[in-house]
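Shown next, in structure tokens, is the structure this report addresses.
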Amino acid sequence: MVRIQDLPRKNFLMPGNAACPGCPETMGLRYVGMALGENAVLVIPASCSSVIQGIYPRSGIGMPILNIVFAAAAAAASGLKAALEIRGLKDAQVVAWAGDGGTGDIGFQALSGAAERNEDIIYICVDNEAYMNTGIQRSSLTPYGAWTTTTWTGKKEHKKDVPLTLIAHRVPYVATASVGFPTDFIDKLRKASKIRGFKYIHLHAPCPVGWRFDPAKTAEVAKLAVQTGLWILYEYENGKFRISPLSRPYRDKSKRKPLVEYIRLQGRFRHLKKSDIAVLEKYVDEMWEFYTKLEEIYK
Amino acid sequence: MPRKILTGNHTVAEAVKLARVQVIAAYPITPQTTIVEKLAEMVEHGEIEAKMIRVESEHSALAAVYGAAAGGARAFTATSSHGLLYMHEVVWWAAASRLPLVMAVVTRAIGPPWNIHVSHEDIMDQRDTGWIISMAEDNQEVLDLVLQAFRISEDERVYLPAMVGLDGFLLSHTAMPVDVPEQEVVDSWLPPRLPRPYVIEPGSGVIMGNIPPDEAFYRMRHSMQRAMYNAKRVIEEVDEEYYKMTGRRYGGLVEFYRCDDAKYVVVLMGTWAGNAKEAADRLRERGIPVGVARIRYVRPFPRERLREKLLGMKGVMVFDRSVSMGRGGPLHAEVVEALEAKPSIMGVVAGVGGVDVGVRDFEKLVEDFVKKVEEEGRVYVNDYWYGV
Ligand SMILES: Cc1ncc(C[n+]2csc(CCOP(=O)(O)OP(=O)(O)O)c2C)c(N)n1
Ligand code: SF4
Ligand SMILES: [Mg+2]
């Protein structure tokens with residue numbers, strides 16, 4: 001794993017960008033810059049990251065960006081990559097950087113298309129588990145029980161497992177990551193940048209505004225998601241599935257922190273009853289059961 | 001110059017090949033489908049050195065070629081009807097990004113009920129988007145317009161994407177002789193695309209589309225409008241240059257057929273202009289001085305050209321193959337405005353959904369209109385629905 005002190009000093013995220021304090025998307029963008037450096041070119045659909053860039057003619061992000069309509073990140077990235085390839089810019093890393101809505105809902109068709117065509121791009125879903133840009137509405141990646149402005153009494157359905165659907169597309173690389181573990185994310189990005197074909201990284205990104213927690217605690221909440229076993233870090237690479245070292249201890253249920261530690265910090269879960277928490281705990285167990293089996297199947 | 005027998009759709013593919021397009025993305029829809037099929041065949045057989053992105057929808061087709069244009073490639077897509085509507089937000093996005101790009105639109109009706117036949121409702125729906133919009137009369141013009149579209153779209157005075165309309169089935173699936181220029185001739189006239197007006201590539205430092213102050217947004221819209229006005233001149237210039245290269249010229253924004261000594265003029269666009277011209281010939285044989293003004297470019301609209309030629313006419317008849325519900329034919333509305341309704345003007349809505357309108361129909365309609373104007377003096381008809 002790369003060490004923090006070995007990372008490039010150059011900051012690809014300028015002060016004065018338009019993000020909220022404690023924003024996980026800016027954390028993620030900073031790591032993308034550290035991992036891919038000058039080779040990265042971003043394609044960003046409608047999302048908080050469209051706003052974070054700041055006001056034209058300036059920009060708070062030190063990478064070239066093609067903004068694009070909400071549903072079209074993967075398609076626009078496919079075309080951009082084709083052009084750069086034809087023009088001989090072989091080292092360019094075209095990175096689609098989309099929210100959970102832009103990935104799992106409105107952009108899912110374009111994503112599936114690009115994955116099936118095995119486009120040579122890196123697609124990152126920055127998952128803050130709701131439509132934050134428009135004011136915290138539920139997405140299909142909002143977890144069970146969470147309050148949003150379109151699920152006032154808590155969402156009734158579980159989170160859609162988007163990375164699993166990408167494994168079903170048999171693309172060369174699928175990984176999960178978290179803004180709480182930058183070096184793991186950077187390692188995965190760097191590995192992805194060396195693979196030809198479609199690379200998908202799903203970045204868990206706790207949002208203090210939408211999840212209702214103290215903006216000083218973004219990294220802490222992100223870490224707790226992993227340590228409680230709720231968010232599993234893994235890699236699927238050329239048909240092999242491997243739970244990442246950071247998550248491996250939590251195969252053993254007794255090693256996981258209690259889920260309530262994660263839930264307690266977040267206002268979006270404030271109304272949860274014991275029975276709701278039990279539903280989420282069962283979900284965690286089921287996820288582990290499933291992914292442990294998957295690891296055996298895709299050894 | 002070799003002459004080939006080509007359908008309109010295969011003509012489009014020939015033009016794309018001649019233009020040395022680098023990135024193609026398109027999605028099947030009748031009557032556009034044979035364009036994407038032919039291009040895929042050309043790419044796979046190595047006849048054309050382009051990357052073909054076999055997208056899962058039209059929304060992605062336009063987004064993909066848009067991304068390619070942003071990356072500095074010459075890019076092309078094609079669609080029809082529902083496909084065009086499905087990509088609509090990207091149509092706007094591409095234009096306001098000021099990137100050169102060309103799209104063929106094989107005109108077709110919009111459902112319900114399902115109807116795959118010719119109508120101009122799909123292409124006319126795009127008038128406000130900021131694309132240059134042209135319409136062909138025959139397959140030769142399809143070839144010429146597609147080649148010219150790249151030249152116009154990539155002109156630094158313009159930098160707007162361009163649509164080339166060709167009528168579903170009437171052109172798309174009808175074989176006609178087409179003079180196809182030699183590759184070297186086209187190459188000398190249409191050099192490779194330059195990485196302008198900007199490119200999204202590592203180190204370029206360019207960010208396209210982040211939030212501007214409202215005043216800056218407003219100014220950007222104004223600069224698009226200026227580019228459209230510039231395009232009027234560029235289109236006429238390109239028409240002349242093309243004439244020098246091929247011996248073919250059409251008159252730029254609008255083709256005036258026998259208008260010089262006419263008292264009555266039919267205004268319309270697309271394939272049925274051929275029937276209107278024949279009707280004009282026949283009426284002239286009977287002493288009625290009729291001409292045809294064929295709109296070649298809906299955007300930019302040839303307002304000044306129409307005024308120069310038609311303000312002094314006794315009567316103008318505008319045929320629309322689409323309707324702006326609650327108003328009437330969209331071409332009619334624009335012609336009425338351009339001519340300040342000074343001549344007698346009659347709007348006719350016809351041919352919508354593929355209904356056939358032949359030479360005799362034009363002949364009869366024009367003759368009746370002329371009679372009415374001669375009897376009553378001034379006539380204004382907003383939307384006469386022929387045959388309903
Ligand atoms: C076609 C379309 N529908 C709706 C919107 C409004 N919209 C903009 S961003 C957004 C939500 C984005 O959510 P997500 O993808 O999760 O990104 P986040 O804002 O959370 O970063 C919505 C609904 C839009 N821009 N385009
Ligand atoms: S709402 Fe959340 S994700 Fe969006 S800018 Fe604010 S902190 Fe970042
Ligand atoms: Mg989101």
Side-chain angles (χ1 to χ4, degrees), chain A residues 18 36-46 49-87 89 91-94 96 106-107 109-117 119 121, chain B residues 21-25 27 49-75 77 86-94 96-97 99 101 192-193 195 198-214 216-217 220:
Chain A
L36 306 177
E38 312 289 344
N39 287 336
V41 173
L42 303 181
V43 176
I44 301 186
S49 286
S50 343
V51 181
I52 290 169
Q53 294 162 41
I55 303 293
Y56 168 94
R58 296 199 179 81
S59 158
I61 299 178
M63 291 174 266
I65 299 176
L66 183 63
N67 284 283
I68 184 64
V69 297
F70 200 11
S78 306
L80 179 55
K81 175 67 194 183
L84 299 184
E85 182 96 18
I86 284 168
R87 293 185 46 237
L89 302 167
D91 294 335
Q93 294 289 342
V94 175
I106 198 165
Q109 171 180 306
L111 167 63
S112 174
E116 184 270 336
R117 295 191 305 272
E119 299 287 352
I121 60 173
Chain B
V21 167
Q22 295 164 295
V23 178
I24 300 163
Y27 190 79
E49 220 179 297
K51 158 114 177 156
M52 176 115 191
I53 306 178
R54 293 166 179 82
V55 284
E56 81 303 325
S57 73
E58 290 88 353
H59 195 277
S60 287
L62 187 55
V65 292
Y66 166 76
R74 184 171 284 158
T77 186
Y86 192 44
M87 55 168 74
H88 196 56
E89 65 166 337
V90 198
V91 173
W92 279 79
W93 194 271
S97 298
L99 285 167
L101 196 57
R193 194 196 140 193
Y198 57 86
V199 221
I200 305 288
E201 65 185 16
S204 72
V206 175
I207 296 204
M208 168 57 225
N210 64 325
I211 299 169
D214 293 348
F217 183 95
M220 288 175 198

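Here is how names work: the chains are called A, B, and so on, in the same order as the sequence lines, proteins then strands, and each is numbered from 1.
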Chain A contacts, top residue of [options] (heavy-atom pairs, under 4.5 Å):
| options | answer |
| --- | --- |
| B:Ala75, B:Ala63, B:Pro195 | B:Ala63 |
| B:Gly209, B:Ser204, B:Ala73, B:Ala64 | B:Ala64 |
| B:Trp92, B:Trp93, B:Phe217 | B:Trp93 |

Which bit of [X] comes within less than 4.5 Å of chain B, counting heavy atoms only: side chain, backbone, both or neither?
| X | answer |
| --- | --- |
| A:Val69 | both |
| A:Ile55 | both |
| A:Glu119 | side chain |
| A:Val43 | neither |

Contact part of [X] toward chain A, heavy-atom cut-off under 4.5 Å: side chain, backbone, both or neither?
| X | result |
| --- | --- |
| B:Ala25 | neither |
| B:Val55 | both |
| B:Met52 | neither |

Straight-line distance of [X] [atom1] to [Y] [atom2], nearest 0.5 Å:
| X | Y | atom1 | atom2 | result |
| --- | --- | --- | --- | --- |
| B:Ser97 | A:Asn67 | OG | CG | 9.0 Å |
| B:Arg74 | A:Ile86 | CZ | CD1 | 12.0 Å |
| A:Arg117 | B:Arg54 | CZ | CZ | 10.0 Å |
| A:Asp91 | B:Glu201 | CG | CD | 12.5 Å |

* To do: Determine whether the side chains of A:Ser112 and B:Glu56 contain a donor N or O and an acceptor N or O closer than 3.5 Å.
  => no
* Within-4.5 Å side-chain heavy-atom neighbours: A:Leu84 and B:Ile200 -> no
Can you give me the closest heavy-atom contact between [X] and [Y], atom names plus distance?
| X | Y | answer |
| --- | --- | --- |
| A:Leu80 | B:Ala70 | CD1-C, 4.2 Å |
| A:Ala82 | B:Val23 | CB-CG2, 4.0 Å |
| B:Asn210 | A:Gln53 | CB-OE1, 3.1 Å |
| B:Ala68 | A:Ala83 | O-CB, 3.2 Å |
| B:Pro213 | A:Tyr56 | CD-O, 3.3 Å |

* Asked: Counting N and O atoms only, with roles assigned by atom type, does the side chain of A:Arg87 sit under 3.5 Å from a partner on the main chain of B:Gly71, one being a donor and the other an acceptor?
  -> yes
* What option among A:Ala40, A:Gly62, A:Gly54, A:Ala77 has the most heavy-atom pairs under 4.5 Å with chain B? -> A:Gly54
* Structure fact -> Assert top hit (heavy-atom pairs under 4.5 Å, partner chain B, pool A:Glu116, A:Gln109, A:Glu85) equals A:Gln109
* Asked: Passes side-chain contact (heavy atoms from CB on, under 4.5 Å), A:Leu42 versus B:Ile207? Steps please.
  -> CA-CA 9 Å; A:Leu42 303 181; B:Ile207 296 204; over 6 Å; no
